[in-house]
S.K.: 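Okay, handing you the structure first.
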Number of protein chains: 4
Amino acid sequence: MPKVGMQPVRRQQLIDATIESVAEFGLQATTINRISKKAGLSSGIISHYFAGKQGLIEATVRYLLSNLKKVLIEGLTPTTTPEQRLMLIIEANFSRLQQQSETTKTWLSFWSQSMHDYELHRLQIVNSRRLFSNLACSFKQLMSDDDAKLAAQLCAAMIDGLWLRAVLSKSDENEFEHCECLAKSYVNSLIKQYGA
Amino acid sequence: MPKVGMQPVRRQQLIDATIESVAEFGLQATTINRISKKAGLSSGIISHYFAGKQGLIEATVRYLLSNLKKVLIEGLTPTTTPEQRLMLIIEANFSRLQQQSETTKTWLSFWSQSMHDYELHRLQIVNSRRLFSNLACSFKQLMSDDDAKLAAQLCAAMIDGLWLRAVLSKSDENEFEHCECLAKSYVNSLIKQYGA
Amino acid sequence: MPKVGMQPVRRQQLIDATIESVAEFGLQATTINRISKKAGLSSGIISHYFAGKQGLIEATVRYLLSNLKKVLIEGLTPTTTPEQRLMLIIEANFSRLQQQSETTKTWLSFWSQSMHDYELHRLQIVNSRRLFSNLACSFKQLMSDDDAKLAAQLCAAMIDGLWLRAVLSKSDENEFEHCECLAKSYVNSLIKQYGA
Amino acid sequence: MPKVGMQPVRRQQLIDATIESVAEFGLQATTINRISKKAGLSSGIISHYFAGKQGLIEATVRYLLSNLKKVLIEGLTPTTTPEQRLMLIIEANFSRLQQQSETTKTWLSFWSQSMHDYELHRLQIVNSRRLFSNLACSFKQLMSDDDAKLAAQLCAAMIDGLWLRAVLSKSDENEFEHCECLAKSYVNSLIKQYGA
DNA sequence: TATGAATGAGCCTTCATTCAT
DNA sequence: TATGAATGAAGGCTCATTCAT
């Protein structure tokens with residue numbers, strides 16, 4: 001049913017279908033046929049809107065990144081303390097699951113592929129740097145700059161590590177909640193250790 | 001020229017070529033043609049020795065796992081203290097790079113694929129449990145059982161997280177050494193925090 | 001904004017765009033998207049005015065043929081001698097380049113395709129016969145009927161051959177002028193040879 | 001039925017099938033499926049032996065060119081006079097039909113495509129130059145160098161023109177024989193005109 | 001009159017697997 | 001034991017056509 005102004009709708013349909021497919025089958029087994037079938041559209045439409053599979057993959061990663069950013073920003077209020085902000089960052093990174101349970105698996109697929117794909121690698125670096133700078137920014141209000149940088153590094157690693165284990169263990173939501181808890185208490189121990 | 005007793009030689013040739021190819025091109029772009037060319041053998045030989053590509057992939061993961069175990073065991077002496085053992089575990093996990101610089105990238109490819117591949121997932125769980133139990137075993141000699149379990153969990157996550165960041169940043173060896181250092185000091189802080 | 005009387009304008013826009021595209025990319029790589037983009041119109045318009053790509057191709061060939069005829073007719077005056085008329089025919093066949101430098105390449109594409117396309121073949125035959133009859137008509141005023149037929153046949157072949165070599169050599173305009181010159185002197189030698 | 005040393009056999013099978021298909025359907029409609037079906041082989045074999053469709057097309061043109069050369073060389077004897085050699089050249093160019101009746105149509109398809117394909121254009125230039133130099137070489141033994149060059153140019157054009165008309169008219173063998181005759185008598189008239 | 005969203009068949013290519021030698 | 005010729009399914013992409021607006 002050809003209509004005007006369908007572009008944003010179709011793009012989102014296809015991005016959602018891509019996330020689902022990558023979560024279900026992996027990036028390798030995600031074909032444009034599977035994606036278009038999931039989206040209830042024809043295969044040709046992907047090239048029409050994204051100039052090929054690669055374009056759709058990249059758009060999907062960008063969407064996930066922007067989503068992560070949005071979750072974080074929406075949580076901020078004028079009265080957020082540095083401690084609250086740190087907790088918010090952790091929640092944003094772990095709550096990806098709650099919003100859309102497929103998303104988590106999808107991230108790892110993209111990260112893995114980023115080692116052999118220039119554009120994905122660039123996006124992954126952006127994500128990595130943003131997490132670090134968000135953490136460091138908050139820690140700096142609680143400790144010296146050098147300590148804050150170290151704490152941010154360790155905290156980022158701990159978040160990734162816990163998140164990775166949660167993903168790979170294919171565990172239920174409880175495991176994610178447990179990991180989120182561990183991450184939060186690690187932040188507190190960092191503040192206690194280095195905090196003035 | 002048919003020879004006898006070539007089996008172990010050929011198998012190792014092919015496993016080495018697989019590690020190289022996955023590191024260079026990723027799991028997705030690793031074809032049996034590339035592997036066999038790298039190994040200087042024909043493509044047919046893979047089915048001959050591993051009953052297909054999947055068998056070779058699994059054998060490669062098993063080889064990497066056994067290698068990790070071996071590095072750990074070789075480092076142990078009758079007089080190794082729990083602290084030394086913990087440092088050894090960390091070194092084993094980070095020194096994968098030094099042994100064979102391609103190996104690191106390869107791990108992530110396999111982990112990512114393990115979400116959609118039963119056998120790889122099983123192997124990944126084995127690896128994950130072994131790291132946890134190795135860590136917990138050592139921590140238990142330094143603190144209460146419950147604390148040791150928690151410390152092992154946190155430590156395993158920190159190792160994975162630091163290692164993941166080092167891999168994804170495509171950085172040089174220095175980054176790996178730096179991460180190894182951070183992991184070691186984290187172990188020490190855990191011992192200080194929970195240690196009797 | 002629907003307008004009336006746009007039909008001839010749009011048709012010519014599309015035919016011009018087709019000539020350009022076939023010259024630039026070849027008939028094989030000429031898609032309706034390329035044509036419509038060159039014409040600054042939508043792709044749907046082609047089916048609207050020509051009932052499909054094939055219709056546009058045929059209309060383009062007919063346009064080129066009619067153009068060739070027009071050039072010839074326009075050159076004729078009541079006092080044109082047979083010799084002048086022969087020169088005019090040659091000029092018409094070679095001057096296609098001057099009018100529109102893309103046209104030449106386009107002809108060969110269509111001729112080649114005419115071997116596998118009934119309608120194009122029909123049009124090509126018409127063109128071929130017309131050249132022959134134009135030449136024969138003029139030669140007959142200068143020699144016996146039989147000699148005139150032979151001269152027309154040879155002359156037509158010479159024109160095509162020279163023109164083909166000029167096209168395929170991708171040469172500049174000088175080559176075309178040189179070939180036109182050779183063709184004219186061949187006509188003169190035919191008149192000298194067979195002329196009463 | 002896998003065997004060793006099949007390469008030359010398979011390559012020729014595929015080249016023959018390509019000639020047939022291009023003659024029957026045109027270059028545009030010649031797909032690797034059609035070719036492989038004609039050859040009684042699978043579609044994958046084309047990439048195996050020619051690294052893709054383009055490689056097969058180019059190999060086919062090279063084969064046709066080398067064939068043309070061979071026909072010419074085989075006709076030469078130590079006692080061949082310049083006049084005989086000129087006749088031989090014409091026969092070689094027109095007898096392509098007799099050897100393999102599809103070949104003629106195929107040539108025009110390739111020539112047409114050569115305007116938009118670097119490698120095909122290169123091969124076409126080689127062919128064109130060879131015909132000219134063969135003709136010029138023979139004419140030089142019968143007239144001055146400058147006249148010989150001009151004669152060769154005119155003769156080459158006449159051969160192409162007559163051949164083109166024969167092809168495009170889709171005529172039977174008689175037409176080809178008639179054209180061959182006209183070409184030969186044109187050579188004689190050139191010799192008479194310029195010959196010492 | 002004119003658009004461009006949407007389709008889906010068909011293209012070339014890749015690749016794991018098989019198997020005669 | 002080892003080869004590599006051969007297969008054919010499946011992949012991504014192109015493109016003429018259709019049609020609601």
Side-chain angles (χ1 to χ4, degrees), chain A residues 1-7 9-10 28-36 40-56, chain B residues 1-7 9-10 28-37 40-56, chain C residues 1-7 9-10 28-36 41-56, chain D residues 1-7 9-10 28-36 40-56:
Chain A
M1 303 132 240
K3 292 174 187 173
V4 289
M6 293 306 282
Q7 219 214 39
V9 178
R10 294 290 178 243
Q28 182 160 27
T30 288
T31 68
I32 62 169
N33 269 327
R34 277 218 243 247
I35 295 170
S36 56
L41 295 166
S42 73
S43 67
I45 206 79
I46 288 173
S47 286
H48 189 279
Y49 279 121
F50 295 97
K53 187 191 180 185
Q54 180 66 8
L56 175 53
Chain B
M1 297 135 245
K3 293 176 186 174
V4 289
M6 292 306 283
Q7 215 214 41
V9 178
R10 294 286 179 247
Q28 182 160 26
T30 288
T31 68
I32 63 166
N33 265 327
R34 276 218 243 248
I35 295 171
S36 55
K37 191 163 284 178
L41 296 166
S42 74
S43 66
I45 201 92
I46 289 172
S47 287
H48 190 278
Y49 279 122
F50 296 97
K53 187 189 181 184
Q54 180 66 9
L56 175 54
Chain C
M1 292 134 247
K3 294 176 186 174
V4 289
M6 291 307 284
Q7 216 216 37
V9 178
R10 295 284 180 249
Q28 181 159 29
T30 287
T31 68
I32 64 166
N33 266 326
R34 276 217 243 247
I35 295 170
S36 54
L41 297 166
S42 73
S43 66
I45 201 95
I46 288 173
S47 288
H48 190 280
Y49 279 122
F50 296 97
K53 187 189 180 184
Q54 181 65 9
L56 175 53
Chain D
M1 306 130 239
K3 292 173 188 174
V4 290
M6 292 306 282
Q7 219 215 40
V9 179
R10 295 290 179 243
Q28 183 161 26
T30 288
T31 68
I32 61 167
N33 269 327
R34 278 217 242 247
I35 295 170
S36 55
L41 295 165
S42 73
S43 67
I45 205 79
I46 288 173
S47 286
H48 189 278
Y49 281 121
F50 295 97
K53 186 189 180 185
Q54 182 66 9
L56 174 53

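A, B, ... follow the sequence lines: proteins, then strands. Residue 1 opens every chain.
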S.K.: Heavy-atom nearest nucleotide on DNA chain F for Q7(B) versus Y49(D): which residue maps closer to 5'?
M.R.: Q7(B)
S.K.: Kindly write out the residues that satisfy side chain to side chain donor-acceptor pair (under 3.5 Å) with Q7(B), not counting sequence neighbours, or none if the list is empty.
M.R.: none
S.K.: Can you tell me how far P of dC15(E) sits from CG of L56(B), to the nearest Å?
M.R.: 16 Å
S.K.: Would you kindly give the CD1-to-P distance between I45(B) and dA2(F), to the nearest whole Å?
M.R.: 5 Å
S.K.: Could you give the distance from CG (N33(D)) to CD1 (I46(D)), rounded to the nearest 0.5 Å?
M.R.: 8.0 Å
S.K.: Give me each pair satisfying side chain to side chain donor-acceptor pair (under 3.5 Å) with a member in residues 40-50 of chain A, each pair once, sequence neighbours excluded.
M.R.: none
S.K.: Of the listed nucleotides (dA5(F), dT3(F), dT3(E)), which one gets closest to any side-chain atom of S42(C)?
M.R.: dT3(E)
S.K.: For dA5(F), does OP1 or OP2 lie under 4.0 Å from any side-chain N or O of R10(D)?
M.R.: no
S.K.: Can you give one letter per nucleotide of nucleotides 12-17 of chain F, going 5' to 3': B for a protein heavy atom under 4.0 Å from the base, S for sugar-phosphate only, - for none?
M.R.: SBBSBB
S.K.: Ignoring backbone atoms, establish whether H48(D) has a side-chain N or O less than 4.0 Å from OP1 or OP2 of dA5(F).
M.R.: yes
S.K.: Considering all heavy atoms of both residues, which atom of V9(C) and which atom of G5(C) are nearest to each other, and what is their separation?
M.R.: CG2-O, 4.5 Å
S.K.: Just how far is it from atom CD1 of I35(D) to atom OG1 of T30(D), taken to the nearest 0.5 Å?
M.R.: 6.0 Å
S.K.: Using side chain to side chain contact (heavy atoms under 4.5 Å, CB included) as the criterion, list what pairs up with A29(C), not counting sequence neighbours.
M.R.: F25(C), R34(C)
S.K.: To the nearest Å, how far apart are F50(D) CZ and dT14(E) C1'?
M.R.: 18 Å
S.K.: Under a 3.5 Å cutoff on both atom distances, Watson-Crick or G-U, what's the dot-bracket for DNA chain F ([ ] crossing, | other strand)?
M.R.: .||||||||||||||||||||
